[in-house]
Protein chains: 2
Amino acid sequence: MQHARCFQKGFAGTRTRDIAEEAGINLALLNYYFRSKEKLFDIIVLETMQSFFNSMADAFNNDQTSLESKVETLVSNYIDLLTKNPDIPLFILSELKMNPTEIVKKIGVKDLVMNSYFMKQYIEEANAGKIAMLHPMHFIMNMMGMIVFPFIASPILKSLGDLPQDDFNDMMQQRKKMIPLWIKAILNTNPNQ
Amino acid sequence: MQHARCFQKGFAGTRTRDIAEEAGINLALLNYYFRSKEKLFDIIVLETMQSFFNSMADAFNNDQTSLESKVETLVSNYIDLLTKNPDIPLFILSELKMNPTEIVKKIGVKDLVMNSYFMKQYIEEANAGKIAMLHPMHFIMNMMGMIVFPFIASPILKSLGDLPQDDFNDMMQQRKKMIPLWIKAILNTNPNQ
DNA sequence: TTATTTATTAAACAAATGATTAAAACACTT
DNA sequence: AAGTGTTTTAATCATTTGTTTAATAAATAA
């Protein structure tokens, strides 16, 4: 399923009639299966977040690859994913603001990220002095910010830089190579400057 | 005016009755002044974006300060602004996705950013080899991403890092000092690696 | 004052919308 | 074939919601 309309218009902006039509089923059937619009959206949000985060779980927990290589994989995969589905982040973050922590807990994204082999490697290298002693959350904010923010802000950025969709996508492809370099530069920065 | 409800729930999720009540005026009066919900929101979005971008215009066009110092000011001011009004970015970006380029043009944000003294300095220093030869849009994406993304994604980040609101705010204060250092590190990165 | 425009309100309207109902169609078992 | 439970649908309901109307109050002009 694509949930295209949901992603674009969000919970309040999406009509159950449109969802039913898009799915090719009767409106009453939608309620027969999901009981209410809210429960339907709970499922859509959950599924979407789950697939968004789980898509990286394998690479995250590979104990054969370096931290650096994991960053490269993560950046590359997410940029490809977001190029194909640019509406997902804004959808997730908008819906999440309404039902705050409930959904996040259900997915177990905290365990997925914070207890990953990736995080273990990060903390080890930080303790060993190989990279900057930087709170993991700053690292996540920077990395995800550099990856996700351009897609969230694409309307304004495309207008700002006179970028048609194709040029914007080209730029995102460039970022696949650049972001890992920038991350490395950040991790070599002395925080006590 | 605060537009609090609008910022939290967006166009589709906000009821005109609630806006009227919050403003302490009669519902019919709202239409008497603004003619329709859509036109009311056009004004709110426009005003909000204008204040968001214009708030930085002065510092941006100061020809007495260095590029580095401008980055520091920008980061610090925006983090303070977003700490006070964390709902603004998601509101702007959500509404912007519906009415794509129309609004952006009205504000003249393109002229404000791209023809600023700040940008001139950036391009000069890039040409002089003092900083990396990096497309200005990458620079903007990175800087704004590092500043704004944490606020947009705060629900998930706070849960991920076990951060109560106060700790989250502390972390944002830390970023005031860090982001300029990270930006500098990025601008010293050789892109042809 | 009186007239006229402007601001404000309570009430109502029409369309949209999430949900339900009751009946029909289908699948499966005995 | 008859019985039973499940799936699907057209029609309907009850609210919600953006907007309008018609009347009143307040301000302004004559």
Side-chain angles (χ1 to χ4, degrees), chain A residues 1-50 87-88 90-104 106-107 155, chain B residues 1-50 87-88 90-104 106-107 155:
Chain A
M1 240 195 271
Q2 272 301 332
H3 312 309
R5 181 139 317 139
C6 307
F7 289 168
Q8 281 162 26
K9 304 202 168 189
F11 176 78
T14 309
R15 306 288 93 108
T16 53
R17 279 166 174 79
D18 293 335
I19 300 177
E21 194 187 0
E22 191 174 287
I25 63 172
N26 187 280
L27 169 61
L29 197 56
L30 208 71
N31 281 285
Y32 176 75
Y33 276 128
F34 299 103
R35 308 215 17 191
S36 76
K37 185 188 179 185
E38 205 175 352
K39 288 185 179 163
L40 165 60
F41 258 75
D42 283 349
I43 292 174
I44 294 178
V45 173
L46 210 76
E47 257 186 22
T48 307
M49 287 191 66
Q50 214 130 39
D87 292 329
I88 288 181
L90 204 54
F91 172 76
I92 291 180
L93 295 170
S94 295
E95 301 308 320
L96 217 60
K97 199 174 55 171
M98 307 299 164
N99 297 33
T101 42
E102 210 49 45
I103 307 174
V104 184
K106 268 190 188 165
I107 301 173
Chain B
M1 239 196 275
Q2 272 301 332
H3 313 310
R5 182 142 314 137
C6 306
F7 290 167
Q8 281 161 28
K9 303 201 168 187
F11 177 78
T14 308
R15 305 288 92 107
T16 53
R17 277 166 176 77
D18 294 334
I19 300 178
E21 194 187 0
E22 192 172 289
I25 63 172
N26 187 278
L27 169 61
L29 197 54
L30 209 72
N31 279 283
Y32 177 72
Y33 276 127
F34 298 103
R35 307 209 22 183
S36 76
K37 185 187 180 186
E38 205 174 351
K39 288 184 180 161
L40 166 60
F41 258 76
D42 282 349
I43 291 173
I44 294 177
V45 173
L46 211 74
E47 254 186 26
T48 308
M49 287 191 67
Q50 214 131 39
D87 291 330
I88 288 182
L90 204 54
F91 171 75
I92 290 180
L93 295 170
S94 294
E95 302 308 320
L96 218 58
K97 199 174 55 170
M98 306 299 163
N99 296 34
T101 43
E102 210 49 46
I103 307 175
V104 185
K106 268 190 190 165
I107 302 174

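Worth knowing before you read on, the calculation uses all heavy atoms, side chains too, and leaves out hydrogens, waters and symmetry mates. So you know, we letter chains A, B, ... as the sequences are listed, proteins then strands, and number each from 1.
Annotation: the span from Ile88(A) atom CD1 to Leu93(A) atom CG amounts to 11.5 Å, rounded to 0.5 Å.
Phosphate contact (OP1/OP2 of dG18(D), side-chain N/O of Thr16(B), threshold under 4.0 Å): present.
Residue Glu38(B) contributes atom CD, which lies 14 Å from atom C1' of dT19(D) at whole-angstrom precision. Atom CZ of Arg17(A) is separated from atom P of dT20(C) by 13 Å (rounded to the nearest Å). Distance Asn31(B) CG to dT20(D) P: 6 Å, rounded to the nearest Å. Rounded to whole angstrom, the span from the CG atom of Asp18(B) across to the P atom of dT19(D) amounts to 15 Å. What separates NZ of Lys39(A) from P of dG18(C) is a distance of 16 Å, to the nearest Å. Rounded to an integer number of Å, the gap from Arg35(B) CZ to dT20(D) P is 8 Å. When rounded to the nearest whole Å, the span between CZ of Phe34(B) and P of dT19(D) equals 13 Å. A straight line from CZ of Arg5(A) to P of dT17(C) spans 12 Å, rounded to a whole angstrom.
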Report task. Take Val45(B) and Phe91(B), measure what side-chain contact (heavy atoms from CB on, under 4.5 Å) needs, and give me the verdict at the end. Result -> CA-CA 8 Å; Val45(B) 173; Phe91(B) 171 75; 3.9 Å; yes
Query - Verdict with reasoning, Phe41(A) to Ile19(A), per side-chain contact (heavy atoms from CB on, under 4.5 Å) - result: CA-CA 11 Å; Phe41(A) 258 75; Ile19(A) 300 177; 3.9 Å; yes
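Counting heavy atoms from C-beta on, the side chains of Met49(B) and Glu95(B) never come closer than 4.5 Å. Thr48(A) is listed as a side-chain neighbour of Ile44(A), based on a closest heavy-atom distance under 4.5 Å.
Residue Arg15(B) places no side-chain atom within donor-acceptor reach of the base of dG18(D), judged by atom type and a 3.5 Å distance cut-off alone.
A side-chain contact (heavy atoms from CB on, under 4.5 Å) with Thr14(A) holds for exactly one of Glu22(A), Gln8(A), His3(A), Arg5(A); it is Arg5(A).
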Query raised in the report: Just by protein heavy atoms under 4.0 Å, how would nucleotides 5-11 of chain D read 5' to 3' in B, S and -?
Result: -SBBBB-
